[in-house]
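Here is the structure we will look at, set down as structure tokens.
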Protein chains: 2
Amino acid sequence: MPVTVLLVDDEPLVRAGLRAVLEAQPDIEVVGEAADGAAVVPLVRRLRPDVVAMDVRMPLLDGIEATRALLRSVDAPPKILVVTTFENDEYVYGALRAGADGFLLKRARPAEIVHAVRLVAEGESLLFPASVRRLAAEYGDGSGNRAARAVLERARLTEREGEVLRLMARGLTNAEMAARLVVGTETVKSHVSAVLAKLGVRDRTQAVIAAYESGFVAPG
Amino acid sequence: MPVTVLLVDDEPLVRAGLRAVLEAQPDIEVVGEAADGAAVVPLVRRLRPDVVAMDVRMPLLDGIEATRALLRSVDAPPKILVVTTFENDEYVYGALRAGADGFLLKRARPAEIVHAVRLVAEGESLLFPASVRRLAAEYGDGSGNRAARAVLERARLTEREGEVLRLMARGLTNAEMAARLVVGTETVKSHVSAVLAKLGVRDRTQAVIAAYESGFVAPG
DNA sequence: ACCCGCCTCCCCCGTACGGGGGAGACGATC
DNA sequence: GATCGTCTCCCCCGTACGGGGGAGGCGGGT
């Protein structure tokens with residue numbers, strides 16, 4: 001059965017774009033739209049979507065409040081994917097703290113958007129930039145190991161991939177990692193690609209950021 | 001080729017600690033050790049290290065005299081990093097006057113030690129590197145801005161370079177930074193290169209690491 | 001008036017990076 | 001036995017990255 005999605009954005013253009021991108025997928029179905037946060041809860045109750053793709057900046061009720069309202073008043077709430085224009089939007093962090101499962105840039109490429117919807121639908125959280133911060137915080141700051149392990153499990157990194165991420169977060173190049181791990185550089189590249197894909201990031205720089213932000217590695 | 005370091009300290013424990021910290025870095029190699037200042041000159045002549053990490057208080061010949069001797073009797077002398085326990089040690093200032101390139105607190109965190117070695121190896125001088133973290137603590141934890149500014153001054157980053165480092169640490173590519181800063185990509189490249197040089201790091205990944213480790217940017 | 005630091009932009013060039021494929025070996029699981 | 005996931009390695013290919021230069025404008029300081 002397909003992944004059902006509810007679109008919540010005050011701009012019709014954005015909704016149309018998301019719909020076009022998502023409907024092009026055989027396994028994704030857009031079941032409804034809303035133009036503001038106030039309409040979200042009743043719509044979710046009625047349509048029971050798997051995923052809500054929600055703008056943060058909206059009239060009446062913004063994405064943060066709508067997220068909170070959903071998690072509070074709906075049982076078996078849908079996965080919430082925060083949609084935003086800017087990556088450093090204060091609202092984004094607020095929404096993630098409020099319990100959103102991931103975030104998505106409006107200027108993301110269609111494939112990334114589809115990917116994000118599928119991921120959150122499966123229960124994954126999009127690690128970048130900050131959604132696992134909560135996770136790390138829950139485990140307290142002292143126990144870096146447990147936080148790291150939680151990140152591993154959440155992102156489904158294999159042991160080897162975690163090792164590679166750790167070395168990346170120490171500034172090693174692929175060649176240096178290959179030397180240290182006693183494997184070929186092509187092998188390291190494979191692991192790196194897997195890590196980038198699983199973390200939902202673009203390059204090693206963002207992977208390192210995710211590692212720090214999630215508590216997978218800690219300063220000091 | 002790696003940065004080669006000679007350790008000079010009368011306490012084996014300190015030498016071992018420094019060795020452990022530095023050897024953990026792929027680009028730093030500890031090439032020798034000495035337990036007193038008298039052995040430094042011949043060792044430097046033989047090993048030709050890039051950096052000498054030298055205690056100030058030592059038997060036979062203290063760090064000040066050893067520094068003077070090095071600069072006097074060795075051509076193309078290594079960079080000298082004075083290692084000390086106390087920040088207010090008149091020996092330290094004596095050593096700096098004698099020609100040392102920087103000083104380092106024994107209780108500094110590993111990342112700071114590594115950073116200091118890289119910096120002096122690059123020709124930067126670290127005249128007053130009281131631990132950046134403690135610096136940040138002094139400013140209180142809330143005011144990340146002032147702590148960040150302190151790091152800026154420490155690494156001699158200009159305001160623009162700091163801005164670029166911040167964006168790097170958020171995962172932006174050069175092109176994205178150019179768009180946001182409304183300048184050309186070549187300009188951004190210039191700033192990035194300057195940041196890498198001043199931080200003594202190799203690539204943007206290591207720059208991001210340095211940004212986190214120094215407290216220039218903070219997780220969460 | 002002069003110098004110097006900063007910001008801006010330009011060139012060339014080598015290479016590490018990352019995406020797109022695929023494939024064999026091994027162990028665990030069913 | 002078949003399947004799955006993991007780890008290993010290989011190919012091609014485009015591009016972002018980073019080093020090496022240089023250069024002009026502009027403001028502050030002496």
Self-check item: Axis-to-axis angle between the two ends of the helix from C:dA1-D:dT30 to C:dC30-D:dG1 (five base pairs per end, rounded to 10 degrees)
Solution: 40°
Quiz item: Between B:L165 and B:A207, what is the shortest heavy-atom contact and its length?
Solution: CD1-O, 3.9 Å
Exercise. Look at A:S190 and D:dC7 and indicate whether a side-chain polar atom (N or O) is within less than 4.0 Å of OP1 or OP2.
Key: no
Practice problem: Name the first nucleotide and the last nucleotide along DNA chain C (5' to 3') that come under 4.0 Å of a heavy atom in chain B. | Solution: C:dC6 to C:dC11
Self-check item: Close side-chain approach of A:K79 and A:D50, heavy atoms under 4.5 Å
Solution: no
Quiz item: Which residues satisfy the side-chain contact (heavy atoms from CB on, under 4.5 Å) test with B:S193, sequence neighbours excluded?
Solution: none
Self-check item: 5'-most by nearest nucleotide on DNA chain C - A:L196 or B:T187
Solution: B:T187
Quiz item: If you look at every heavy atom in B:V51 and B:V117, which pair is closest and at what distance?
Solution: CG2-O, 4.1 Å
Practice problem: For DNA chain D, find the residues of residues 168-185 of chain A with a heavy-atom distance under 4.0 Å and give them by number; none if there aren't any. | Solution: A:V183, A:G184
Exercise. May I ask you to say whether B:R166 pairs ionically with B:E163, meaning some side-chain N is under 4.0 Å from a carboxylate O?
Key: no
Quiz item: Along nucleotides 25-30 of chain D, 5' to 3', which nucleotides get a B, which get an S, and which get a -, given that the test is a protein heavy-atom distance under 4.0 Å?
Solution: ------
Exercise. Identify the heavy atoms of B:P49 and B:V31 that sit nearest to each other, and give their distance.
Key: CB-CG2, 4.1 Å
Quiz item: Partners of A:E186 by salt bridge (Lys or Arg N to Asp or Glu O under 4.0 Å), sequence neighbours excluded?
Solution: none
Quiz prompt | Partner set under side-chain contact (heavy atoms from CB on, under 4.5 Å) for A:R180, not counting sequence neighbours | solution = A:L167, A:R170, A:L172, B:P26
Quiz prompt | Over all atoms of both residues, closest heavy-atom pair of B:P77 and B:L71 | solution = CG-CD2, 3.7 Å
Quiz prompt | Heavy-atom pair with the smallest gap, counting every atom of B:P78 and B:L70 | solution = CG-CD1, 4.4 Å
Self-check item: All salt bridge (Lys or Arg N to Asp or Glu O under 4.0 Å) counterparts of A:E29, not counting sequence neighbours
Solution: none
Quiz item: Residues from residues 203-211 of chain B sitting under 4.0 Å of DNA chain D, heavy atoms only?
Solution: B:D203, B:R204
Exercise. State which residues pass side-chain contact (heavy atoms from CB on, under 4.5 Å) with B:N174; sequence neighbours excluded, sorted by chain then number.
Key: B:M177, B:V188, B:K189, B:V192, B:R204
Quiz item: Who pairs with A:R19 by salt bridge (Lys or Arg N to Asp or Glu O under 4.0 Å), at least two apart in sequence or on another chain?
Solution: A:E23, A:E33
Self-check item: Closest heavy-atom pair and its distance - A:T205, B:T205
Solution: OG1-OG1, 3.8 Å
Exercise. Could I get the full list of salt bridge (Lys or Arg N to Asp or Glu O under 4.0 Å) partners for A:E176, not counting sequence neighbours?
Key: B:R202
